[in-house]
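Computed over heavy atoms, backbone and side chain alike; hydrogens, waters and symmetry mates excluded. If you read the sequence from its start, that first residue is 1, and numbering goes on from there.
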Amino acid sequence: MAAPKRGRSSSAQSKPGRSLALILIAIVALTGGMFLSGHTTPRLGIDLAGGTSITLEAKADQGSAINKANMDTAVDIMNRRVNGLGVSEAEVQTQGDRNIIVNIPKGTNSKEARDQVGTTAKLYFRPVLAQEATGAAAATPSPSASASGSSSASPSPSTSESATTGEKATSSSSPSASATTQGRAASDALKADPTPSGSASPSASASPSASPSAPTAAEAKLQAAYTALDCSKQTQRNKAGDGVKPEDATVGCGEIGGVWYKYLLGPAAVAGTEVDEAQAVYDTQTAAGWQVTMDFNKSGAKKFADITGQLAQNTQPQNEFGIVLDGQVVSSPTVSQSITGGQAQISGSFTQEEAQSLANMLSYGALPLSFKEETVTTVTAALGTDQLHAGLLAGAIGLALVIVYLVFYYRGLSLVAIASLLVSGILTYVLMALLGPAIGFALNLPAVCGAIVAIGITADSFIVYFERIRDEIREGRSLRPAVERAWPRARRTILVSDFVSFLAAAVLFIVTVGKVQGFAFTLGLTTVLDVVVVFFFTKPLMTLLARRPFFASGNKWSGLDPKSLGAKAPLRRTRRPAPVETKEA
């Protein structure tokens, strides 16, 4: 029976060319994917590329307490709002017990993000009681055709349960009506019951000859506010609906085809918190274009069915409901039938961006607290560029010092370490460039620091392996068996070391927020790549070089000279002498 061979590795180690070919193919494939995607550089964070930082302060004026639960909910909603705009590496986090910091990188529509993230009011569905154009547009006849949808106000969408039922017509209010006529129309609308009843006609353009009962003080005040409101003026638009409770009627402004309209709105029928989900979808079956679908929760579905059933029996414009966010009517679709089942859709002349913007407002519009914009700070691209150059310079200095040390101490063996560092650097760069569009990863200054720290971690793995090989040579073994015998011992040490580093990076990524996560993510990524490079590049390359005369002969410039390492005499296999029996005298 033949004795098993000792000192031999597995067949995989006898074919190192396969491992080298595999990792080179992976590098070529990833690099090709990077160029094909068009993202040849990593996406930069706000501290490197510039951007906008917004500080919001919570206010206890909406009936909700300022506590950790409400603040965390607000952070989650704001984060989803920003993500809904396609923003990458936007940071939304609490600061103290009543402030929220929102960092928006450069390259994003910061104005749109500020409008959506910093929105202080809640979202409500209110029945429209009256509507008319304001400003210079009020002196021109209203167009008879339906207007097209827009992201700030969608006048033309219609609401139905499954398909579009028709587009909204323009307001029937006479554009040349006097203030007195406006006041009478508003008064009639306030007194009209939204639920249809016999001969009652709750039209906003009620005849001035009607003889309504005397308005109450609240109705008179609201009537005066509606009459005096000029939505073409920004100062008046910003104040419309301030401090109004959900159960009260109010006024609001909305833009229709570039023209500002003022609205008289009834009490809130449905709150934005009762919308489970809203999505922008493209209708390919009826060629209706982009639409917004809404799903209500159980209570919201019942309320929505009740209000749409009432509005469907009214005349224009009181068959509309206004979607009101921050005092502004972002959409006012018409209703032609009662919508049951908890699902509805808003259709009209939407573009994709307009439909997505409205869907974001419906999905993420209900904040548990109101917020005041305290400060807005802009980080210039010049400052970010300076910080990026400083980080890259620090990395280059660190890499140069590591290479100098390797060359000085390991001599020819340092070529393996430098080649491995080069492969690790290429993989890290390509993956960072690909992860930008894939998962929204953006390189910030802490992430650059993580990459610099990874240089030392990667070099440490090579050093562990090299020292194990040199230990075997000191024991009197030649290079080829020393390379194979050193690998199992070095492998265990490398895996344990990298596991500890990866575990620390994972914990840091989970328990921290903001930019520290960039450091943790980069550290974890480079640690995983270190294992890949050592197993599939460094070890196979070392196996191949051990067969070359320059290294195998122990040249003094190879870094593996047995004499300079203080090696013992070569190990030789000798037969053990037979035991000698001793006899007693």
**Student:** Mark yes or no for whether Lys262, through its side chain, and Ala228, through its backbone, hold a donor-acceptor pair below 3.5 Å.
**Tutor:** no
**Student:** Taking atom OG of Ser338 and atom CG of Asp306, what is their separation to the nearest 0.5 Å?
**Tutor:**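 Output value for this atom pair is 7.5 Å.
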**Student:** Heavy atoms only: give me the nearest Ile339-Ala344 pair and the separation to one decimal.
**Tutor:** CG2-CB, 3.9 Å
**Student:** Which atom names give the shortest non-hydrogen contact between Val75 and Val92, and what distance separates them?
**Tutor:** CG1-O, 3.4 Å
**Student:** Please list all pairs passing the disulfide (SG to SG under 2.5 Å) test where one or both residues lie in residues 224-282, with sequence neighbours left out.
**Tutor:**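 Pairs touching residues 224-282 that pass the test: Cys231-Cys253.
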**Student:** With the side chain counted from C-beta on, respond yes when Val335 and Ile307 share a heavy-atom pair under 4.5 Å apart, and no when they do not.
**Tutor:** no
**Student:** Walk me through it: do Met432 and Phe521 pass the test side chain to side chain contact (heavy atoms under 4.5 Å, CB included)?
**Tutor:** CA-CA 11 Å; Met432 285 183 176; Phe521 182 84; over 6 Å; no
**Student:** Using 0.5 Å steps for rounding, measure from the OG atom of Ser331 to the CZ atom of Phe321.
**Tutor:** 7.0 Å
**Student:** In Å, rounded to the nearest 0.5 Å, how long is the span from CG of Leu434 to CG of Leu36?
**Tutor:** 10.0 Å
**Student:** So which atom in Ala268 and which in Tyr124 form the shortest heavy-atom distance, rounded to 0.1 Å?
**Tutor:**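 Heavy atoms of Ala268 and Tyr124 come nearest at CB-CD2, 3.6 Å.
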**Student:** Can you tell me how far the CZ atom of Phe371 sits from the CG atom of Asn99, to the nearest 0.5 Å?
**Tutor:**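 Interatomic distance, Phe371 CZ to Asn99 CG, rounded to 0.5 Å: 9.0 Å.
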**Student:** So do Val329 and Arg126 actually touch side chain to side chain, heavy atoms under 4.5 Å?
**Tutor:** no
**Student:** Look up atom CG in Leu265 and atom CG in Leu129, then write down how far apart they are to the nearest 0.5 Å.
**Tutor:** 7.0 Å
**Student:** Can you see which heavy atom on His39 is nearest to which on Met34, and at what distance?
**Tutor:**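 Heavy atoms of His39 and Met34 come nearest at O-CG, 3.1 Å.
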**Student:** As an exercise, state the distance from NZ of Lys372 to CG of Leu56, rounded to the nearest 0.5 Å.
**Tutor:** 11.5 Å
**Student:** Side-chain contact, heavy-atom cut-off 4.5 Å: Leu264 with Val128?
**Tutor:**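 With C-beta onward as the side chain, the pair stays apart.
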**Student:** Can you check whether Ala305's main-chain N or O pairs, donor with acceptor, with Thr308's side chain at less than 3.5 Å?
**Tutor:**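 Yes, because the side chain of Thr308 sits within donor-acceptor range (under 3.5 Å) of the backbone of Ala305.
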**Student:** Using a 3.5 Å distance criterion without hydrogens, assess whether the side chain of Arg98 forms a donor-acceptor pair with backbone atoms of Glu57.
**Tutor:** no
**Student:** Which heavy atom of Asp97 sits nearest a heavy atom of Ile66, and at what distance?
**Tutor:**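 The pair with the smallest heavy-atom distance is O-CG2, 3.6 Å.
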**Student:** Heavy atoms only: give me the nearest Tyr263-Gly254 pair and the separation to one decimal.
**Tutor:**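 Tyr263 and Gly254 have their closest heavy atoms at CE1-N, 3.8 Å.
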**Student:** Would you say Thr334's side chain and Asn319's backbone share a donor-acceptor pair under 3.5 angstrom?
**Tutor:**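 No: the side chain of Thr334 does not pair with the backbone of Asn319.
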**Student:** Does any part of the side chain of Val275, heavy atoms only, come nearer than 4.5 Å to the side chain of Phe296, both counted from C-beta?
**Tutor:** yes
**Student:** For a 4.5 angstrom cut-off between non-hydrogen side-chain atoms, does Met71 reach Ile100?
**Tutor:** yes
**Student:** Any side-chain heavy atom of Ile323 sitting closer than 4.5 Å to one from Phe125?
**Tutor:** yes
